[in-house]
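See structure below.
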Amino acid sequence: MSDQGVTPRSEDYAGWYNEVIRRAKLVDYGPVKGTMVIRPYGYALWEHIKEGLDRRFKETGHENAYFPLFIPYSFIQKEAEHVEGFSPELALVTHAGGKELEEPLVVRPTSETIINHMYSKWIQSYRDLPVLINQWANVVRWELRTRPFLRTSEFLWQEGHTAHATPEEAQEETIRMLNVYADFAINDAAIPVVPGRKSNIEKFAGAVASYTIEAMMGDGKALQSGTSHFLGQNFAKAFDTKFLTTEGTHEYVWQTSWGVSTRMVGGVIMTHGDDKGLILPPKLAPDQAVIVPIWKSEEQKGSVLEMVAKVERALKDAGVRVKSDTSDQENPGWKFNEYEMRGVPLRIEIGPKDVEKDAVVFARRDRPGKEGKEFGIPSGDVGRIATEWLSDIQSSLLERATKFRDDNIVDVENMDTFRQVIAAGQWARTWWAGTDEQERKIKEDTGATVRCIPMDQPGGKGTCFSTGEEAEEVVLFAKAY
RNA sequence: CGGGGCGUAGCGCAGCCCGGUUAACGCGCCUGCUUUGGGAGCAGGAGAUCGCAGGUUCGAAUCCUGCCGCCCCGACCA
């Protein structure tokens, strides 16, 4: 039994994560260091994330497009801060077609540059604005330290790139998309993220201001789960992206960019998982319910499978993503454990005793053992009841994660407490008036960084825990992935 | 790039110090029968150029030299 379980999270969180993602068949390592293969189950999860986000993008007026993977090296160099930020992690193509290229090509680490190159052609007048485009793509960043989903050399994401006539409009868009991300994370992924602004040293290379949704993982570390940037006119100036105003003057456009990546999959895993494996929020789960039939004799098998088919039909009609595991290669106990490892929110057991009563057994993944199990669910009501259960599981996961987060954010007023809180793996909420240099020093000393300056501020003024100066903002410090 | 660990069957590993039969064990896989309400049992079977390259030796998974790769912890980052 013990060799079939997974390393407990309390014992070795990284070990737990690595085991769970592989045993749940979400992912496997690629042959090149830092690359991953997203397996069908992991990809199905990502597809639901995509659907949830894409729908919201469309609802807020965005369109999808696709820009090339290869970017001329000179493009990256045009924006000073941008090139400085990305240079160390660029993958360059120097040879192609059997010979050395005159100019190396960058495999996109992000697409601000190539998109501005195109925007500068497409945008002539204020009538062309705003431009609201998103692309779903892969990008490459040669990271030193990689972890499946959380940080890999190549990853999948979406990147929205918008251009506006005024800074106010662009700023509004930046916050709109931050809220879209927060809405998705909270309502679909059941991850209680904290939306906030990045500190100066944590912001995106090339942005005027960066915003983030920060999530607390099961080990207390923070995960930046999505970012939205106000780019100002930085890239517009570098690429000469101008428009003619109503007054007949030329002005640079004001821009935003925003992204969520396959890292979100890692966030889902580390927010909800337990020592039995994954726990997936119903809205994102590839399979929301699995039916496990149980039988002894061939005769029972016939009547059980008949009922399985009926129940599966009823669930599908009710809009539930369900599958039946009628294989007789494994016994029911094995299947129970398997689907718990894979995080399927609802398990439905149907055996001879249930057939007799014309009822089934429901078991919810988020409440292990008897507590989450209910016998005698009338087969005629499975659709309605399953829908209710899934909805309850969805909200319970959010509630539990929210409580965990709130229990692990500690208000801190001095450095001693700060150290203790950070060492304990919690988040420190503090008044802060420090400089970039002081922030770096804290990181060096304690490993903690400013995760964000929450949008939701208490107001008023306080005393900076570090400098003792008067502070106007409260920030969250934590160790991060 | 620093610190630690590891490379032996598809997976997990023993053997290595102290060289010597046919490289052990568990899981998985194949065949058959019995099983099936929380990771089934019995019987039989297939599967390994011991990370790579040199060297020492009558003989190397084991000792020596060099190389490669991966994982974990840190510095850099979505």
Side-chain angles (χ1 to χ4, degrees), chain A residues 1-7 12-15 17-19 22-23 28-35 84-90 109-110 138-159 181 198 201-205 210 212-215 222-229 257-267 276-277 292-298 300-301 304 325-341 347-355 360-361 363 368-370 373 375 440 443-444 447 449 479-481:
Chain A
M1 183 65 183
S2 62
D3 63 320
Q4 286 166 328
V6 59
T7 302
D12 176 4
Y13 200 81
Y17 180 82
N18 285 323
E19 276 177 50
R22 297 193 68 191
R23 290 181 57 176
D28 205 348
Y29 293 108
V32 175
K33 179 174 158 63
T35 62
E84 194 189 330
F86 279 108
S87 282
E89 53 195 71
L90 291 180
T110 178
N138 58 338
V139 289
V140 167
R141 299 180 187 178
W142 216 256
E143 303 288 355
L144 298 174
R145 175 128 156 66
T146 58
R147 313 189 63 188
F149 294 121
L150 302 176
R151 176 167 299 107
T152 45
S153 300
E154 177 189 1
F155 57 93
L156 304 182
W157 76 344
Q158 57 69 216
E159 45 179 326
Y181 286 160
K198 279 288 173 191
I201 66 173
E202 292 284 325
K203 77 177 174 63
F204 171 71
S210 289
T212 174
I213 48 170
E214 290 290 321
L223 186 75
Q224 179 176 310
S225 308
T227 48
S228 185
H229 311 290
S257 69
W258 26 275
V260 159
S261 73
T262 35
R263 170 180 272 189
M264 181 64 84
V265 175
K276 283 172 150 321
V292 178
I294 297 153
W295 65 78
K296 285 190 168 73
S297 66
E298 278 303 304
Q300 288 174 339
K301 181 176 175 180
V304 164
D325 187 346
T326 57
S327 151
D328 58 2
Q329 298 305 302
E330 287 91 18
N331 62 33
W334 188 93
K335 291 176 185 174
F336 293 171
N337 285 289
E338 177 71 4
Y339 292 110
E340 279 166 4
M341 173 68 71
R347 181 180 71 240
I348 298 168
E349 305 170 16
I350 302 178
K353 294 177 205 165
D354 307 298
V355 173
V360 304
V361 179
K370 285 188 184 140
K373 206 158 170 171
F375 297 84
R440 281 194 198 93
K443 182 180 181 183
E444 211 175 293
T449 50
K479 289 185 182 171
Y481 274 99

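Atom set for the values below is all heavy atoms of this structure, side chains included, hydrogens, waters and symmetry mates excluded. Treat the numbers as computed from the prediction; the structure is a model and nothing was measured. Convention: sequence-line order gives letters A, B, ...; per-chain numbering from 1.
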**A/G259 backbone acceptor or donor facing A/Y181 side chain under 3.5 Å** = yes
**Prompt:** When you match A/I201 and A/D328 each to their closest nucleotide on RNA chain B, which lands nearer the 5' end?
**Reply:** A/D328
**Request:** Quickly work out the A/L144 CG to B/C71 P distance and round it to whole Å.
**Result:** 13 Å
**Request:** Under 4.0 Å between any heavy atoms, over every strand shown, what does A/G351 touch: base, sugar-phosphate, or nothing? Just pick one.
**Result:** base
**Message:** Side chain of A/N337 only, heavy atoms from C-beta on: which candidate in B/C72, B/G39, B/G37 is closest?
**Reply:** B/G39
**Asked** Counting any heavy atom closer than 4.0 Å, what does A/E349 reach on the DNA or RNA strands: base, sugar-phosphate only, or nothing?
**Response** base
**Request:** Measure distances between side-chain N and O atoms of A/E340 and base N and O atoms of B/G38, and say whether any donor-acceptor pair falls under 3.5 Å.
**Result:** yes
**Asked** Looking only at heavy atoms, what is the nearest atom pair of A/V6 and A/E19, with distance?
**Response** CG2-OE1, 3.3 Å
**Prompt:** Does the A/Y17 side chain pair with the main chain of A/P148, one donor and one acceptor, at a distance under 3.5 Å?
**Reply:** yes
**Prompt:** Which is true for A/D354 with a 4.0 Å heavy-atom rule: it touches a base, it touches only sugar-phosphate, or it touches nothing?
**Reply:** base
**Prompt:** Taking atom P in both B/C76 and B/C11, what distance in whole Å separates the two?
**Reply:** 35 Å
**Prompt:** If you look at every strand shown and take non-hydrogen atoms under 4.0 Å, does A/T449 touch a base, only sugar-phosphate, or nothing?
**Reply:** nothing
**Asked** Does A/D354 use its side chain to pair, donor to acceptor, with the backbone of A/G351 at less than 3.5 Å?
**Response** yes
**Item:** All salt bridge (Lys or Arg N to Asp or Glu O under 4.0 Å) counterparts of A/E202, not counting sequence neighbours
**Value:** A/R451
**Asked** Within the distance-only criterion (no hydrogens, no angle test), does the side chain of A/Q158 pair as donor or acceptor with the backbone N or O of A/V260 below 3.5 angstrom?
**Response** yes
**Prompt:** Base, sugar-phosphate alone, or nothing: which one does A/L223 contact when heavy atoms must sit under 4.0 Å apart?
**Reply:** nothing
**Request:** May I ask you to say what A/K353 touches in the nucleic acid, namely base, sugar-phosphate or nothing, with a heavy-atom cut-off under 4.0 Å?
**Result:** base
**Asked** Is there a donor-acceptor pair under 3.5 Å between the side chain of A/R347 and the backbone N or O of A/A363?
**Response** no
**Prompt:** Rounded to whole angstrom units, what separation is found between the CE atom of A/M341 and the P atom of B/C11?
**Reply:** 18 Å
**Prompt:** In whole Å, what separates the C1' atom of B/C25 from that of B/U8?
**Reply:** 13 Å
**Prompt:** Of the nucleotides B/G37, B/A75, B/C71, which one has an atom closest to the side chain of A/N18?
**Reply:** B/C71
**For A/L144, side chain to side chain contact (heavy atoms under 4.5 Å, CB included) partners two or more places apart** = none
**Prompt:** Between B/G38, B/G37, B/C76, which one does the side chain of A/K373 approach most closely?
**Reply:** B/G38
**Asked** For the residue pair A/M264 and A/S225, what are the closest heavy atoms and their distance?
**Response** CE-O, 3.7 Å
**Message:** Whole angstroms only, please: what is the CD-C1' distance between A/E338 and B/G38?
**Reply:** 14 Å
**Message:** Can you measure A/K203 atom NZ to B/C76 atom P for me and round it to whole angstrom units?
**Reply:** 17 Å
**Request:** Report which part of the nucleic acid A/F204 touches: base, sugar-phosphate, or nothing (heavy-atom distance under 4.0 Å, all strands).
**Result:** nothing
**Prompt:** Quantified in whole Å, what is the P atom distance between nucleotide B/G26 and nucleotide B/U34?
**Reply:** 25 Å
**Prompt:** Rounding to the closest angstrom, what is the interatomic distance between B/G59 and B/G19 at atom C1'?
**Reply:** 8 Å
**Request:** Let me know the distance between CD of A/E19 and P of B/C72, rounded to the nearest Å.
**Result:** 12 Å
**Prompt:** Can you tell me how far P of B/G74 sits from NZ of A/K479, to the nearest Å?
**Reply:** 8 Å
**Item:** Short N-O contact, A/K198 and A/E214, less than 4.0 angstrom
**Value:** yes
**Request:** Looking at every strand, decide which applies to A/R22 at a 4.0 Å heavy-atom threshold: base, sugar-phosphate, or nothing.
**Result:** nothing
**Item:** Distance between P atoms of B/C50 and B/A61 (Å, rounded)
**Value:** 7 Å
**Request:** Could you check A/D12 against A/G333 and say which one's nearest nucleotide on RNA chain B is further toward the 5' end?
**Result:** A/G333
**Fill in**
A/R440 atom CZ is separated from B/A75 atom P, nearest whole Å, by 15 Å
**Request:** In whole angstrom, give the distance that lies between atom CD1 of A/I348 and atom P of B/G37.
**Result:** 19 Å
**Message:** With rounding to the closest Å, how many angstrom separate the C1' atoms on B/G10 and B/C72?
**Reply:** 24 Å
**Request:** Under 4.0 Å between any heavy atoms, over every strand shown, what does A/V361 touch: base, sugar-phosphate, or nothing? Just pick one.
**Result:** base
**Request:** Report yes if a side-chain nitrogen or oxygen of A/K443 is closer than 4.0 Å to either non-bridging phosphate oxygen (OP1 or OP2) of B/C76; otherwise report no.
**Result:** yes
**Request:** For nucleotides B/C30 and B/A46, find the distance between their P atoms and express it as a whole number of Å.
**Result:** 15 Å
**Complete:** Writing each nucleotide of RNA chain B 5' to 3' as (, ), [, ], | or . by Watson-Crick or G-U pairing under 3.5 Å yields ((((((((.[[[..)....(....]]].((((((.....)))))).....[[[[[..)....]]]]])))))))....
**Prompt:** B/C68 and B/A53: how far apart are their P atoms, nearest whole angstrom?
**Reply:** 15 Å
**Request:** Please determine, for the side chain of A/R23, which listed nucleotide (B/G39, B/C76, B/G38) has the closest atom?
**Result:** B/G39
**Message:** Let's see if you can work this out: which of B/C76, B/C71, B/G37 has an atom nearest to the side-chain heavy atoms of A/Y29?
**Reply:** B/C71
